[in-house]
Amino acid sequence: MPSGPPAEPPEELTSPLAYEGVWRFTAPALESSVPQARHAVRDLLEEQRVPVAADIMDGLLLIVSELVTNAVRHAALLSPQIAVQVTIGANWLRVAVEDNHPYRPKALEADQGDVGGRGLWLVKTLTAEVGGKCDVEHTVNGGKAIWAELPLVPLATSPPSSR
């Protein structure tokens, strides 16, 4: 048998799709940054022509709003700027919101009468419903990044029944 380097896969299998990439922007930790971040993410996905399903897009934009709101409300004292990073792969996308506050929040289920406190729980629920995942990670500067990764199209929850 001849030996040598393994054959390279065809180029179409190794080249990234036109919409794949990583984008990052910063914003002040102000309430006005919440809709600005949501619109920036939506506009980016439209400009890149990412084939994201409508219900995934709706959930993603709600997740962006929740994560930026949490950073503004809970981290602004130690983090006057927040960063939003969008990473797009062939079949998935990830949004991460980073701040300089070291506290790692936990998802809490709030009582019906509570006005707030459901943000991270909502992010985890929305992410899980479509087969995605989310987590909180420490950053090199001592802060944290909270991220949610979603498929571009929802995963089937159960196979269709055959009759």
Side-chain angles (χ1 to χ4, degrees), residues 16-155:
L17 298 170
Y19 58 80
E20 289 183 84
V22 179
W23 293 264
R24 184 177 175 92
F25 60 90
T26 60
L30 301 171
E31 288 289 332
S32 60
S33 293
V34 176
Q36 290 173 353
R38 186 177 55 247
H39 294 303
V41 169
R42 183 198 61 218
D43 293 348
L44 170 68
L45 296 177
E46 288 175 358
E47 288 169 10
Q48 294 302 318
R49 297 185 179 159
V50 179
V52 60
D55 52 343
I56 298 288
M57 177 71 93
D58 293 343
L60 173 70
L61 297 178
L62 182 53
I63 288 168
V64 169
S65 292
E66 290 296 332
L67 294 180
V68 173
T69 296
N70 285 349
V72 167
R73 287 190 181 156
H74 305 294
L77 186 63
L78 295 178
S79 187
Q81 290 280 318
I82 59 171
V84 177
Q85 181 168 306
V86 179
T87 307
I88 306 169
N91 302 310
W92 55 272
L93 58 87
R94 177 188 282 206
V95 63
V97 175
E98 183 179 322
D99 63 58
N100 292 325
H101 198 290
Y103 175 71
R104 289 175 55 124
K106 296 191 180 354
L108 303 173
E109 288 191 49
D111 292 329
Q112 281 188 354
D114 292 344
V115 176
R118 293 186 180 105
L120 192 53
W121 176 82
L122 180 61
V123 169
K124 286 184 173 277
T125 300
L126 289 169
T127 304
E129 284 178 354
V130 296
K133 54 189 173 183
C134 62
D135 204 358
V136 181
E137 297 175 351
H138 288 290
T139 59
V140 294
N141 64 357
K144 67 184 165 303
I146 304 176
W147 57 266
E149 186 174 296
L150 308 170
L152 294 180
V153 295
L155 301 177

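The residues of the chain are indexed from 1 along the displayed sequence.
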Check residues 74-88 and write down every donor-acceptor pair under 3.5 Å in which the side-chain atom is one partner and the other belongs to a residue at least two apart or another chain.
from : atom 1 : to   : atom 2 : distance (Å)
S79  : OG     : Q81  : O      : 2.7
S79  : OG     : N100 : N      : 2.9
Q85  : OE1    : R24  : NH1    : 3.1

Using distance only, find each side-chain donor-acceptor pair of residues 40-48 under 3.5 Å and give its atom names and separation, not counting sequence neighbours.
from : atom 1 : to  : atom 2 : distance (Å)
R42  : NH1    : H39 : ND1    : 3.1
R42  : NH2    : H39 : ND1    : 3.4

Residues which pass side chain to side chain contact (heavy atoms under 4.5 Å, CB included) with V136, listed by chain and number, not counting sequence neighbours: R104, P105, K144, I146

Does a side-chain heavy-atom distance below 4.5 Å link V130 with P151? yes

Output all residues satisfying side-chain hydrogen bond (donor to acceptor under 3.5 Å, both in side chains) with T26, sequence neighbours left out; order by chain, then residue number. none

Rounded at 0.5 Å granularity, tell me how far CD in E129 sits from NZ in K124. 14.0 Å

Which value, rounded to the nearest 0.5 Å, describes the distance between Y19 atom OH and R49 atom CZ? 13.5 Å

Checking T127 side chain against V123 main chain: does a donor-acceptor pair fall under 3.5 Å? yes

Under 3.5 Å, which donor-acceptor pairs do the side chains of residues 54-72 form with other protein atoms, sequence neighbours left out?
from : atom 1 : to  : atom 2 : distance (Å)
S65  : OG     : R38 : NH1    : 2.7
S65  : OG     : L61 : O      : 3.2
T69  : OG1    : S65 : O      : 2.7

Got a sec, which residues hit salt bridge (Lys or Arg N to Asp or Glu O under 4.0 Å) with E31, two or more places apart in sequence or on another chain? R73

Nearest atoms (heavy-atom pairs only) where A96 meets W147: CB-CB, 3.7 Å

Separation of L126 CG from C134 SG (nearest 0.5 Å): 9.5 Å

